[in-house]
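Here the structure comes first, spelled out in structure tokens, and everything after it is commentary.
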Amino acid sequence: MHLSKRAAAEFLGTFWLVFGGCGSAVLAAAFPQLGIGFYGVALAFGLTVLTMAYAIGHISGCHLNPAVSFGLVVGRRFPVSELLPYIIAQVTGGIAAAGVLYVVASGKAGFDLSSGFASNGYADHSPGGYSLIACFVAEVVLTFFFLIIIMGATDKRAPAGFAPIAIGLGLTLIHLIGIPVTNLSVNPARSTGTAIFVGSWATAQLWLFWVAPMIGGTLGGALYAAMFERAAAVVEAPAVDKGRAALPSARAVDRSIRLSDTPVQKSPL
């Protein structure tokens with residue numbers, strides 16, 4: 001599929017992640033008496049990735065995150081030539097979602113952007129008052145493990161068809177850990193979308209939520225590729241690999257379809 005169509009899928013997928021995840025925090029987390037609270041917001045973020053992985057995983061790979069795309073480039077799962085269009089699509093999708101969320105949220109009397117609009121922050125703007133160093137370490141480590149989950153779940157040797165579930169639940173767990181620390185980012189596109197509307201402190205602190213996830217994604221992609229993928233050269237792949245959600249690369253899906261009639265396939269890694 002043409003790169004423009006795959007980028008469009010990334011735009012829509014990232015829109016859904018930011019609107020669904022941040023929307024649950026802004027609109028539903030503290031709703032009187034029936035609010036979904038901390039656990040509901042974490043689950044909402046996980047569900048956005050799980051649903052989009054099944055919806056567009058076969059089209060674009062469903063990265064929805066510049067740190068994921070960059071980590072997959074480092075892990076040799078995604079071509080560097082397509083990285084910039086993906087990141088542009090993800091960031092613009094996040095900004096568009098935040099814009100729609102602002103229109104909806106501001107329709108209620110008493111709405112005030114100073115409450116944070118689900119933006120990420122550190123020190124005085126950390127939900128739990130965590131320091132800059134604590135927030136930086138948390139974002140690096142959690143993004144690192146997110147990449148490990150993605151790389152492992154989409155490995156050709158992993159059980160086919162379950163990658164979106166593992167990745168969605170992984171993101172849920174990551175939010176359960178990280179929301180009190182930074183409001184949890186691990187995704188520069190998600191952070192950029194809401195920060196632009198809040199401005200002031202949110203844009204001033206936005207650098208952390210680009211730098212830390214990119215470092216974590218790079219380390220996760222590099223470590224998995226170095227430690228675990230070389231062994232695949234001597235392992236035979238399943239006889240027929242049907243139903244796998246090939247998140248890292250839409251090209252990999254096309255190639256697996258073309259080879260699906262071959263009885264036994266050697267792993268190319």
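Note that the structure is predicted; figures quoted are calculated from it, not measured. Heavy atoms only: backbone and side chains are in, while hydrogens, waters and symmetry mates are out. Note that the numbering runs from 1 along the sequence shown for the chain.
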* Show the numbers, then the answer: is there a side chain to side chain contact (heavy atoms under 4.5 Å, CB included) between I215 and E139? => CA-CA 9 Å; I215 292 174; E139 288 288 330; over 6 Å; no
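- Around atom CG of D124, no more than 12 heavy atoms belonging to other residues, nucleotides or ligands sit under 6.0 Å away.
- When the side chains of ILVMFWY residues are joined at heavy-atom separations under 4.5 Å, either directly or via intervening members, L47 and V18 end up in two distinct hydrophobic clusters.
- In this structure, the side chains of K5 and I59 stay at 4.5 Å or more apart for every pair of heavy atoms.
- Between L171 and I149 there is no side-chain heavy-atom pair separated by less than 4.5 Å.
- Annotation for G99 and F197: closest pair CA-CZ, 3.2 Å, computed over non-hydrogen atoms.
- Surrounding OH of Y102 are at most 12 heavy atoms belonging to other residues, nucleotides or ligands under 6.0 Å away.
- Counting only heavy atoms from C-beta outward, the side chains of C22 and L101 approach each other to under 4.5 Å.
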* Mind running side chain to side chain contact (heavy atoms under 4.5 Å, CB included) on L184 and V41 for me, showing each step along the way? => CA-CA 11 Å; L184 207 278; V41 173; over 6 Å; no
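- D112 and S114 form a side-chain donor-acceptor contact under 3.5 Å, judged by distance and modelled atom types alone.
- Inter-residue side-chain proximity for L50 and I167 is flagged as unmet; no heavy-atom pair is nearer than 4.5 Å.
- Between I56 and L64 there is a side-chain heavy-atom pair separated by less than 4.5 Å.
- Side-chain contact between V198 and T203 is absent, with no heavy-atom pair separated by less than 4.5 Å.
- At a threshold of 4.5 Å between side-chain heavy atoms, the hydrophobic network of Ile, Leu, Val, Met, Phe, Trp and Tyr places V140 and V211 in one connected group.
- Taking hydrophobic clusters as Ile, Leu, Val, Met, Phe, Trp and Tyr residues chained together by side-chain heavy-atom distances below 4.5 Å, V141 does not share a cluster with V181.
- Counted by atom type alone, N120 and T182 present zero donor-acceptor pairs between their side chains at under 3.5 Å.
- Rounding to the nearest 0.5 angstrom, the gap separating the OG atom in S4 from the CZ atom in F11 is 14.0 Å.
- Here the closest non-hydrogen pair linking P213 and P188 is CB-CD, 4.0 Å.
- What you find for A189 and N187 is that their closest heavy atoms are N-OD1, 3.0 Å.
- Taking all atoms of both residues into account, the shortest heavy-atom contact from L208 to C135 is CD2-CB, 4.0 Å.
- In this structure, CZ in F228 is found 6.0 Å from CD1 in I148, a value given to the nearest 0.5 Å.
- In terms of heavy atoms, V26 sits closest to A105 at CG1-CB, 3.9 Å.
- For F38, the CZ atom counts as densely surrounded, since its 6.0 Å shell holds more than 12 non-hydrogen atoms of other residues, nucleotides or ligands.
- Under the ring pair (Phe, Tyr, Trp, His ring centres under 6.0 Å) criterion, F45 pairs with H175, not counting sequence neighbours.
- Using a 30° and 60° split on the angle between ring planes, F15 and F19 fall in the parallel class, below 30°.
- Using cut-offs of 30° and 60° for the angle between ring planes, the H63 and Y86 rings count as tilted.
- Within the model, atoms CD1 of I179 and OH of Y39 stand 10.5 Å from one another, a figure rounded to the nearest 0.5 Å.
- Between the side chains of W210 and S191, no donor N or O sits under 3.5 Å from an acceptor N or O.
- With rounding to the nearest 0.5 Å, the separation of OG1 in T48 from CG in L43 is 9.5 Å.
- In this structure, the side chain of S106 engages the main chain of V103 through a donor-acceptor pair within 3.5 Å.
- Nearest heavy-atom pair across S69 and Q90 is OG-NE2, 3.0 Å.
- Expressed to the nearest 0.5 Å, how far CD of E229 lies from CG of D155 amounts to 5.5 Å.
- Counted by atom type alone, R77 and T154 present one or more donor-acceptor pairs between their side chains at under 3.5 Å.
- Between W201 and S119, the side chains place no donor N or O within less than 3.5 Å of an acceptor N or O (distance only, hydrogens not considered).
- Counting only heavy atoms from C-beta outward, the side chains of S24 and I36 approach each other to under 4.5 Å.
- For F111, the CZ atom is densely surrounded, since the number of other residues' heavy atoms within 6.0 Å is greater than 12.
- The side-chain heavy atoms of V49 and P164, taken from C-beta on, include no pair separated by under 4.5 Å.
- Here the CG atom belonging to N65 is positioned 9.5 Å from the CD atom belonging to E10, to the nearest 0.5 angstrom.
- L83 is connected to L72 through a chain of hydrophobic side-chain contacts under 4.5 Å among Ile, Leu, Val, Met, Phe, Trp and Tyr, so both are in one cluster.
- Judged purely by atom type and a 3.5 angstrom limit, R6 uses its side chain to pair as donor or acceptor with the backbone of M1.
- Counting only distance, with no hydrogens or angles, the side chain of T218 and the backbone of G71 share no donor-acceptor pair below 3.5 Å.
- Cluster membership check: Y224 shares its hydrophobic cluster with M227, using side-chain heavy-atom separations under 4.5 Å among Ile, Leu, Val, Met, Phe, Trp and Tyr.
- In the displayed structure, F70 atom CZ is contacted under 6.0 Å by at most 12 heavy atoms of other residues, nucleotides or ligands.
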